[in-house]
Amino acid sequence: MERRRQYDSIERILQTVKEKLKGEERLARIFENCYTNTLDRTVKRMPDGTAYVVTGDIPAMWLRDSAAQMRPYLIAAKEEPEYVFLHEMAADKRGNTFGAIINPGLGIGLKIDYNVRELPYFMQWKSIAAGDYVAGLEPANASVYGRAYHREKGDLHRMEPFSEEVKRLKLTFLTGAELDGVKKEAEDLLKEEGENQDETVKD
């Protein structure tokens, strides 16, 4: 089974071990196979973006066993850099849309309503470094590519001296049935955008 290359921090650890075990290639291969096996074969990504760790056949011991399986990767997690993802958001005919983040384990979530005509870009920041697991949602009038990129693209946002702008965002803390409700709302929004695109093609 060919292993997946998922994280740069894992690759750096493997390279360090190979250098330290120079002349012991067989032992280095054994370490590589063992160290990557858990990530490749026992970590399952769920539809909601979370990860499930497959352990033994004793449900009552899942938390203990899964924590033990992940412990060797804390060193790698500490070295993992911050990531940013640029999302293209679905919106209704008026440009209204939203972003949301949900923690199924705690049963809570956060929803940000805004308008893509005012804030056309949406960034998701994520840091999974050990002791610093954090995510950020950022609607914005520019992306992380910088002024030169937007100047060349022709959509660099400008404001005259002493001018003012008002942007409207609505933050909603989600619990209980609201968590399932926001998922349904996202599905409906995607469906509506698809129907709007079909109408545009027909016109």
Side-chain angles (χ1 to χ4, degrees), residues 1-90 98-112 121-140 143-146 149 173-175 179-180 182-183 186-187 190:
M1 178 180 176
E2 184 178 354
R3 75 176 182 86
R4 293 175 290 170
R5 295 176 180 271
Q6 301 185 69
Y7 302 102
D8 291 339
S9 54
I10 295 290
E11 299 303 322
R12 288 194 294 270
I13 289 176
L14 294 176
Q15 184 59 38
T16 299
V17 170
K18 288 179 181 179
E19 292 172 359
K20 291 183 178 295
L21 294 177
K22 191 173 183 179
E24 298 286 349
E25 287 74 14
R26 183 170 179 271
L27 186 58
R29 284 198 304 273
I30 291 174
F31 174 83
E32 178 178 349
N33 291 337
C34 292
Y35 195 65
T36 59
N37 184 268
T38 293
L39 289 179
D40 290 345
R41 303 188 65 177
T42 69
V43 178
K44 180 180 179 182
R45 293 190 181 277
M46 307 303 288
D48 62 1
T50 59
Y52 181 81
V53 182
V54 180
T55 61
D57 58 352
I58 307 176
M61 298 299 178
W62 180 85
L63 185 59
R64 182 201 68 178
D65 294 347
S66 61
Q69 282 181 220
M70 292 294 100
R71 187 174 181 181
Y73 304 98
L74 293 180
I75 297 174
K78 186 177 180 180
E79 302 298 325
E80 196 66 20
E82 179 180 270
Y83 293 94
V84 59
F85 304 91
L86 185 59
H87 296 279
E88 184 176 348
M89 306 296 283
F98 70 90
I101 186 168
I102 294 174
N103 186 320
L106 297 178
I108 58 175
L110 178 69
K111 178 186 177 189
I112 305 177
Y121 292 94
F122 188 88
M123 274 77 69
Q124 173 194 359
W125 299 84
K126 184 177 182 180
S127 174
I128 60 173
D132 185 39
Y133 194 97
V134 63
L137 305 179
E138 182 185 0
S143 73
V144 293
Y145 294 127
Y149 168 83
F173 186 74
L174 307 171
T175 59
L179 300 177
D180 291 329
V182 78
K183 294 177 184 179
E187 294 172 357
L190 285 169

Q.
Set out, in order, the CA-CA distance, both residues' side-chain angles and the distance that settles side chain to side chain contact (heavy atoms under 4.5 Å, CB included) for Val144 and Trp125, then state yes or no.
A. CA-CA 11 Å; Val144 293; Trp125 299 84; 3.7 Å; yes
Original post:
Passes side chain to side chain contact (heavy atoms under 4.5 Å, CB included), Met123 versus His87? Steps please.
Top reply: CA-CA 6 Å; Met123 274 77 69; His87 296 279; over 6 Å; no
Please determine whether side chain to side chain contact (heavy atoms under 4.5 Å, CB included) holds for the pair Phe122 and Glu138, giving the CA-CA distance in whole Å, both sets of side-chain angles, and the decisive distance to 0.1 Å. CA-CA 6 Å; Phe122 188 88; Glu138 182 185 0; over 6 Å; no
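Residue Leu179 comes nearest to Ile108 through the heavy atom pair CD2-C, 3.7 Å, listed as atom of the first residue, atom of the second, then distance. Annotation for Pro139 and Ile112: closest pair CG-CG2, 4.1 Å, computed over non-hydrogen atoms. Taking both residues in full, the closest heavy atoms of Met89 and Phe98 are given as CE-O, 3.2 Å, listed atom of the first, atom of the second, then distance. Across all their heavy atoms, Leu137 and Gly99 have their closest contact at CD1-C, 4.4 Å. Nearest heavy-atom pair across Ala90 and Leu190 is CB-CD2, 3.7 Å. Shortest non-hydrogen contact noted between Ser143 and Tyr121 is CB-CD2, 3.8 Å.
Ring geometry for Tyr149 versus Tyr145: interplanar angle of 30 to 60°, hence tilted.
Taking NZ from Lys22 and NZ from Lys20, the interatomic distance works out to 13.5 Å, rounded to the nearest 0.5 Å. Separating the CD atom in Glu32 from the CD1 atom in Ile10 is a distance of 11.0 Å, to the nearest 0.5 Å. Note that CZ of Arg26 is 13.0 Å distant from CG of Leu21, once rounded to the nearest 0.5 Å. Rounded to the nearest 0.5 angstrom, Thr36 OG1 and Phe31 CZ are separated by 9.0 Å. Note that CG of Leu14 and CG of Asn33 are 10.0 Å apart. Values are rounded to the nearest 0.5 Å. The CD1 atom of Ile102 sits 8.0 Å away from the CG atom of Asp180 when rounded to the nearest 0.5 Å.
Shown here is Glu88, whose CD atom has no more than 12 heavy atoms of other residues, nucleotides or ligands within 6.0 Å.
Salt bridge Lys18/Glu25: absent, no basic N to carboxylate O contact under 4.0 Å.
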